[in-house]
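Worksheet: one structure, shown below.
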Amino acid sequence: MADLNVKIGSLTLKNPVMTASGTFGYGLEFADFIDLSRLGAIIVKGTTLHHREGNPYPRMAETPSGMLNAVGLQNKGVEYFIQKIYPEIKNIDTNMIVNVSGSTIDDYVATSAKIAALEKIPAIELNISCPNVKEGGMAFGTSCKSAGNVVKAVRQVYPGTLIVKLSPNVTDIAEIARAVEAEGADSVSLINTLLGMAIDAERRKPILSTVTGGLSGACVKPIALRMVWQVAKAVKVPIIGLGGIMNATDAVEFLLAGATAVQIGTANFIDPQITIKVIDGINGYLKRHGYNSVQEIIGLV
Amino acid sequence: MADLNVKIGSLTLKNPVMTASGTFGYGLEFADFIDLSRLGAIIVKGTTLHHREGNPYPRMAETPSGMLNAVGLQNKGVEYFIQKIYPEIKNIDTNMIVNVSGSTIDDYVATSAKIAALEKIPAIELNISCPNVKEGGMAFGTSCKSAGNVVKAVRQVYPGTLIVKLSPNVTDIAEIARAVEAEGADSVSLINTLLGMAIDAERRKPILSTVTGGLSGACVKPIALRMVWQVAKAVKVPIIGLGGIMNATDAVEFLLAGATAVQIGTANFIDPQITIKVIDGINGYLKRHGYNSVQEIIGLV
Amino acid sequence: MKKYILDLKVTENLRLHTNYVLLKFTTVDGSSLPPMAPGQFAEVRVDGSPTTFLRRPISINYIDMDNNELWLLIQLVGDGTKKLSTVSPGQTVNMVLPLGNTFTIPEDKASQLILIGGGVGTAPMLYLGYELKQQGYNPIFLLGARSATDILQLKEFKTLGDVFITTEDGTLGEKGYVTQHSVLIENKFDKIYTCGPKPMMMAIAKYAKTHNIDCEVSLENNMACGVGACLCCVEKTTEGHICVCKEGPIFNINKLLWQI
Amino acid sequence: MKKYILDLKVTENLRLHTNYVLLKFTTVDGSSLPPMAPGQFAEVRVDGSPTTFLRRPISINYIDMDNNELWLLIQLVGDGTKKLSTVSPGQTVNMVLPLGNTFTIPEDKASQLILIGGGVGTAPMLYLGYELKQQGYNPIFLLGARSATDILQLKEFKTLGDVFITTEDGTLGEKGYVTQHSVLIENKFDKIYTCGPKPMMMAIAKYAKTHNIDCEVSLENNMACGVGACLCCVEKTTEGHICVCKEGPIFNINKLLWQI
Ligand SMILES: Cc1cc2nc3c(=O)[nH]c(=O)nc-3n(C[C@H](O)[C@H](O)[C@H](O)COP(=O)(O)OP(=O)(O)OC[C@H]3O[C@@H](n4cnc5c(N)ncnc54)[C@H](O)[C@@H]3O)c2cc1C
Ligand SMILES: Cc1cc2nc3c(=O)[nH]c(=O)nc-3n(C[C@H](O)[C@H](O)[C@H](O)COP(=O)(O)OP(=O)(O)OC[C@H]3O[C@@H](n4cnc5c(N)ncnc54)[C@H](O)[C@@H]3O)c2cc1C
Ligand SMILES: Cc1cc2nc3c(=O)[nH]c(=O)nc-3n(C[C@H](O)[C@H](O)[C@H](O)COP(=O)(O)O)c2cc1C
Ligand SMILES: Cc1cc2nc3c(=O)[nH]c(=O)nc-3n(C[C@H](O)[C@H](O)[C@H](O)COP(=O)(O)O)c2cc1C
Ligand code: FES
Ligand code: FES
C-alpha cells in the first residue's frame, strides 16, 4: 500500500478521496454499499441557517454524459442538523465536513459559528457557488470582492479548517481563488456545477422547474481539470479537485493537475461503490508507476 | 414543406441551419456527402490577416461526449483566401460567411475590410472567442469593453452583415452580448468552445501541445442552451445558437430557447450528412406540431 | 431492508408485445436473492447505451421463489429501456436493490382489496398480489390499458385472484377507463393499490377520496441516485418535499398534495 | 476519388489472435464497393461504446475483388476498437471512405520494392502488395512484431511475394528489429514502404536516408474529421502543417521534419 495520506488545512485525510456535497446524503445512505470509514472525508449536504424546501419538482434532467440538477439546497436547517443528524453521523470514522450555504453573509456566519461548536466536524466547505438558488450562493462566488467578503466574515467565527467551494461560472476562477486565499481560506474546492439548461422539445418546455440547473458528471471533466490546473498555479493552499470524476484514472488526472484531494459526486449515483474503487485505483496507479506516496504525483503536470 | 426562411441582418437564409467555423473546412470537403446548396449558410474557417501555422500537434483529445481542439486558427491568411479560395467557393449557392479572427483590433479591421470587398461574401462572423491563441481571440470576448471596442472598429469598415461570436468562458455572457449589440453587431452567435484540458495519466502529460484547448460536442449543449436562452432575453438582434447540436431535436431546442438560426460543428465529424438531416428534421418537427413556419417556434421557451 | 449491488444473470428475455419485455434474472453464484418487498424497485445499470448516463429505476415485478428468479417488466420508451430489452440469457445486468418502501396492508384478512394497474404500471401489482394471496387475502385485480395487446401477464394475474379489465378501445374487457369499471362501482372496497400513468392514478385517487376508500399509489418521479442521497426525486407532500426513492415510491394519497 | 458514407455489412469476424480481429464487409445491396487505393483508410463509426465519441480511422487492409469484400484489420487498443471487434456477421457498420492519399509507385516494374510492416501496421501493406503484384512488380515483405503470435496474415502475404520476419523475442524469423533484418542489409532496394509504430518508422526512415533509398511512411496522427475539415491531424512538414487525413496518411520521408 502506497502512502495515501494528504493534508488539507489542519485535517489529515487517510486518502485523497472525499464525497461531494449533495451527492452522498449524510453518508448513511451508502452504508450498505461501502465501509464509510475507508473514505478520506465525507462532505454532507448543503446546510443553511434555516429550513429550506428547495425548488419544485422536476429537479433533474439527464444530459450527454452528465446531468442537470436544481435541488436548490433543500435541507432542514443547521439546528435540525445539530439536533438530529449530527448524533447519527458523528461516530463515522472519517472526516465529516459540512457544506455551508447561505443567502446573506450573516447567514453564512451564523451557520458556520454553530457548526464550529461541533467537536466531530473538523472542517466546513463554504458553498459560494450554488447556481440553483436565486438570492445568494453563486452570486457570492462570481466576484472577487463578494467572495472575499464572505470568507473574511466566516473566518472570524470559524477556527476549524475552512474550505471554500468555487463556482466555475466565471471568467477567471484563479482570481477568485486568490481572493479567498487572501481572506484566510485553508483550501479551495472546485468545481461546483456549471449553469446549464434542458428543454423538452416535444412539450416545448424547460425540463427543470427552475429552467436552469447545475451541470455535473463526466461531461464537465475537461473544464474542471483545466480550472484546477489554473488555480494550482495561482494559490498556495491545497486544492480539492472535482467535477466529472468517474473512475480512478480521472482522479489521478486531477492530482496530476495539482489537486491535493478529490471529490466524487455524480459518479456515486451510477456506482455506489465508486469511491472505494477510486481509492484502490489510485493506490494501484502509484504502485504501477513506482511511487511510494500520493504526494509525489500532485501537480506533476 | 414548412417555411424555413430566417433573416440574420440583411441576410436571408433558406433555412436556419449553418455550419460552424473550423468544423466544415471551406465546405468543399463535404461536397461528396451533401448538396451544399441546401444549407442555410456555410461559415468557413477562421481567417486572419496573416498566415498562421496554428499550434503544434497534438491538437485534439476525445472527452466524454465531446472533444477538445487546439488548432489555433491555422490558415493561410486573408490574401490567400481572396486569391485562392474565394474563387473556388464563391459560386456555392448558399450564404458563404467568413469567420474573422485577429490578435489586435487593427488585424480584425484590416481583415474585415478586405472581406468587405468580396461580392459573394455577404457576412462575416467576428471570432472574439477563440480560446486557442494566446494574444487575442478570447481575451477580446471576455470583457464588455474590449468586445465592444473590436465591434465598434470593425463596424466602421464593414457594411455587410456583422455577426459576433461570443465566448462562453465568461461570468455573464448576456452583458457581453449587450455590449456588442450596442456597437452595431447585426447578430450574435454563441457559443464558441469552452476552455478545457485533458491529461494522459499514464504518461503524466497534457494531451494537447498547448495544455488547454476548446471543448465542443454534445457535452456542452446544456451550457450553450442556457446561454442562448439568457442572451435571447438580453438583446434584440437575432441569435445564432450552437454548441453540441447533434441532431434535429437539439436544433429545435436552440430555436425554442430563442435562437433564430443554429450552427452545427463537431457533429459534422461524426456524420458528414448531419446538416441535411437536421434541416429535414426541423421541417418534420414543424409539420408534426402543426407549425407553418420556423418563425413560430423561435423563443417559445 | 439491506440494499445490495448485484450483477444478476439473465435467465429469460420474453418479448410480451412490441413494446414490452419481461426479463428474468437469477444470482450468478446460485445464492438466494436478497429479500425484497412488493412496491420496491431496482436501479438498473444500462450498459452500452451512449445516451444513457444514469441508472434506470424499474419495479420488482415478481419474485419467483421456486426458481430463485427476479422478474422485471419493462416498457420500451427511450434508449435506456430499449438497450435493456436486448440483453440475452447468460449476460449479467448490474442492479442496486431493493430500494424504496413497500405497500401497507390492513390487518383484517377479510379486507376487500383491489389492485389497479395501468399499462406497465401493472408491474408491481403482480408481486403485491402474490404477497397478499400468500398472506391469506383475496385480492381483486383491475387492469387497464389502451388496447388488448397492452394487457400484460394476464395469465399470472389470474392465478392470484379475479381479474377485471378495461381497454380504451374496448378490445378486451369493458371499454373505457379503470375508474369507470363496474367492479369498482358495484363493490365496496376497503383499500385500493394502484400504479400507472399519473392521470390514471389521479383519477383513482379522486375516486378513492370521494368514496372514502384508503388508497396507495406508486409514483414514478425522475430519479438520479435512487437511495435518498440527491433529493432529485422529491414529491411535495403534507410533510414537505420528500424523496420518492426512499420514503416512496408508495404513498398514501392522504399524504400527497395532488389537486384532485 | 469520390468519398462515400456507407453502411457495410459484416460478412466475417475472424479473431486472429487475442488482440486482433479481421473484419470483412460487403455492400448491403450487393452493389460494387467503391474504388479504393492502397494506403487509404475508412473513418469507422463505433456504435454502442459510450466512451467513443468520434469515428475511428482504420486502414484498408485488402479489397477482395472476387467476393466484393473490404477487409479491415483491427488491433484492440481501447474501447472503440474493442467494441468494433464484437460485430457479428449480418450487422452493418457505418463508414466514411475512401479517405486520404495513396502510395506512389515507381514506373520501372523492375524496381526493388520492400514493404515493411510492424504490428498492426502491416494492414495497409497487404493491399499495397496485392496492387503491386497485379501491376507486375515483385514486392518483398518484411514483417516485424514483438512475438510470433503478433505476425498477422502471413498466409496472405506469402501469396504476394517473399516474406521475411523479425520478432523481438525471436519466436519467429530473425530476432531483433526490422531494421536489423538481413534481407534489408544484404539487398539494395529502390523503395521502402512502411507502416507501423512511430519509433519503427523513424528507424526505417533513418536507414532509408542513410542508404539513400526512397521511402514512404503511413502516419497515424489522431483524427477528428478525417476529411481535411478540422485541421486536428496535422503533421509538420517542409510545407508547414498539413493534414494527415487528406494530404496523407502516406508521406515521403523527405517531406517530413522528423529528427532522425
Ligand atoms: C420507482 C419507479 C419504478 C418504475 N418501474 C418501472 C417498471 O417496472 N417498468 C418500466 O418499464 N418502467 C418503470 N419505471 C419507469 C422507467 O424508469 C422509465 O421508463 C425509464 O427510466 C426510461 O428510460 P429510457 O432511457 O428508456 O427513456 P428516456 O429516453 O430516458 O426517457 C423517456 C421517458 O422516461 C422518463 N425518464 C427518464 N429517466 C427517468 C428516470 N431516471 N426515472 C423516471 N423516469 C425517467 C423521461 O422523463 C421520458 O419521458 C419506473 C420508474 C420509477 C421511478
Ligand atoms: C490513417 C490511420 C489508419 C489506421 N489504421 C489502423 C488499422 O488498420 N488497424 C488498427 O487497428 N488501427 C489503425 N489505426 C489506429 C486506430 O485508429 C486507433 O487504434 C483507434 O482509433 C483507437 O481507438 P480506441 O477507441 O480503441 O482507443 P482509445 O481508447 O481511443 O485510445 C487508445 C490509443 O489510440 C489512440 N487514438 C485514439 N483516438 C484516435 C484517433 N481518432 N486517431 C488515431 N489514434 C487514436 C490514442 O492516442 C490512444 O493512445 C489507424 C489510424 C490512422 C490515423
Ligand atoms: C444532485 C446534486 C446536488 C448537489 N448539491 C450540492 C450542495 O448542496 N452543495 C454543493 O456545494 N454542491 C452541490 N452539488 C455539486 C457537487 O457537490 C459537485 O460540485 C458537482 O456535482 C461536480 O462534481 P461531479 O461531476 O463529480 O458530480 C450537487 C450536485 C448534484 C449532482
Ligand atoms: C476543430 C475545431 C476548430 C474550430 N475552429 C474555429 C474557428 O476557426 N473559429 C471559430 O470561431 N470557431 C471555431 N471552432 C468552434 C466551433 O465553430 C463551435 O463554436 C464549437 O465547436 C461549438 O459547436 P459544436 O459543439 O457544434 O462543435 C472550432 C471547433 C472545432 C471543434
Ligand atoms: S433519486 Fe436521489 S434522492 Fe431520490
Ligand atoms: S482529421 Fe480533420 S483535418 Fe484531418
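What you are looking at is a predicted structure, and each value in this text was computed from that prediction instead of being measured. All chains are named by letter (A, B, ...) in the order of the sequence lines, taking the proteins before the strands, and each is independently numbered beginning at 1.
More than 12 heavy atoms of other residues, nucleotides or ligands lie within 6.0 Å of NZ in Lys277(B), so this atom counts as buried by the packing criterion. Atom NZ of Lys24(D) has more than 12 heavy atoms from other residues, nucleotides or ligands within 6.0 Å. For Arg15(D), the CZ atom is densely surrounded, since the number of other residues' heavy atoms within 6.0 Å is greater than 12. By the neighbour-count criterion of 12 heavy atoms within 6.0 Å, atom NZ of Lys209(D) is densely surrounded, having more than that number from other residues, nucleotides or ligands. Enclosure of atom OH in Tyr4(D) by more than 12 non-hydrogen atoms of other residues, nucleotides or ligands within 6.0 angstrom is indicated. Within 6.0 Å of atom NZ in Lys2(D), more than 12 heavy atoms from other residues, nucleotides or ligands are found, so the atom counts as buried in its surroundings.
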message: Please determine whether side-chain contact (heavy atoms from CB on, under 4.5 Å) holds for the pair Thr52(D) and Glu62(B), giving the CA-CA distance in whole Å, both sets of side-chain angles, and the decisive distance to 0.1 Å.
response: CA-CA 8 Å; Thr52(D) 308; Glu62(B) 211 177 11; 4.3 Å; yes
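The residues Glu29(B) and Lys3(D) are annotated as not salt-bridged, no charged nitrogen and carboxylate oxygen being separated by less than 4.0 angstrom.
Contact check for Tyr57(B) versus Val244(D): no side-chain heavy atoms found under the 4.5 Å cut-off. Using a 4.5 Å heavy-atom cutoff, the side chains of Val96(D) and Pro272(B) are in contact.
A distance-only check finds a donor-acceptor pair linking the side chain of Arg59(B) to the backbone of Leu231(D) [under 3.5 Å].
At a 4.5 Å heavy-atom cutoff, Pro64(B) makes no contact with chain D through either its backbone or its side chain. Residue contact with chain D, scored on non-hydrogen atoms closer than 4.5 Å, involves the backbone and the side chain of Asp271(B) alike. With a 4.5 angstrom heavy-atom cutoff, Asn94(D) does not touch chain B via any of its atoms. Within the 4.5 angstrom heavy-atom criterion, only side-chain atoms of Phe30(B), from C-beta onward, approach chain D. Using a 4.5 Å cut-off between heavy atoms, Ala218(B) touches chain D through backbone and side chain atoms alike.
Interface check for chain D: of the options Ser65(B), Gly25(B), Gly217(B), the most heavy-atom pairs under 4.5 Å are formed by Ser65(B). Here Cys232(D) is the residue among Cys225(D), Cys232(D), Pro50(D), Gly228(D) with the most heavy-atom pairs under 4.5 Å with chain B. Note: Ala224(D) leads Gly226(D), Gly240(D), Ala224(D) in heavy-atom pairs under 4.5 Å with chain B.
The two atoms that bring Phe33(B) and Val227(D) nearest to each other are CE1-CG1, 4.0 Å, heavy atoms only.
Checked by atom type, the side-chain pair His241(D)/Arg52(B) shows no donor-acceptor distance below 3.5 Å.
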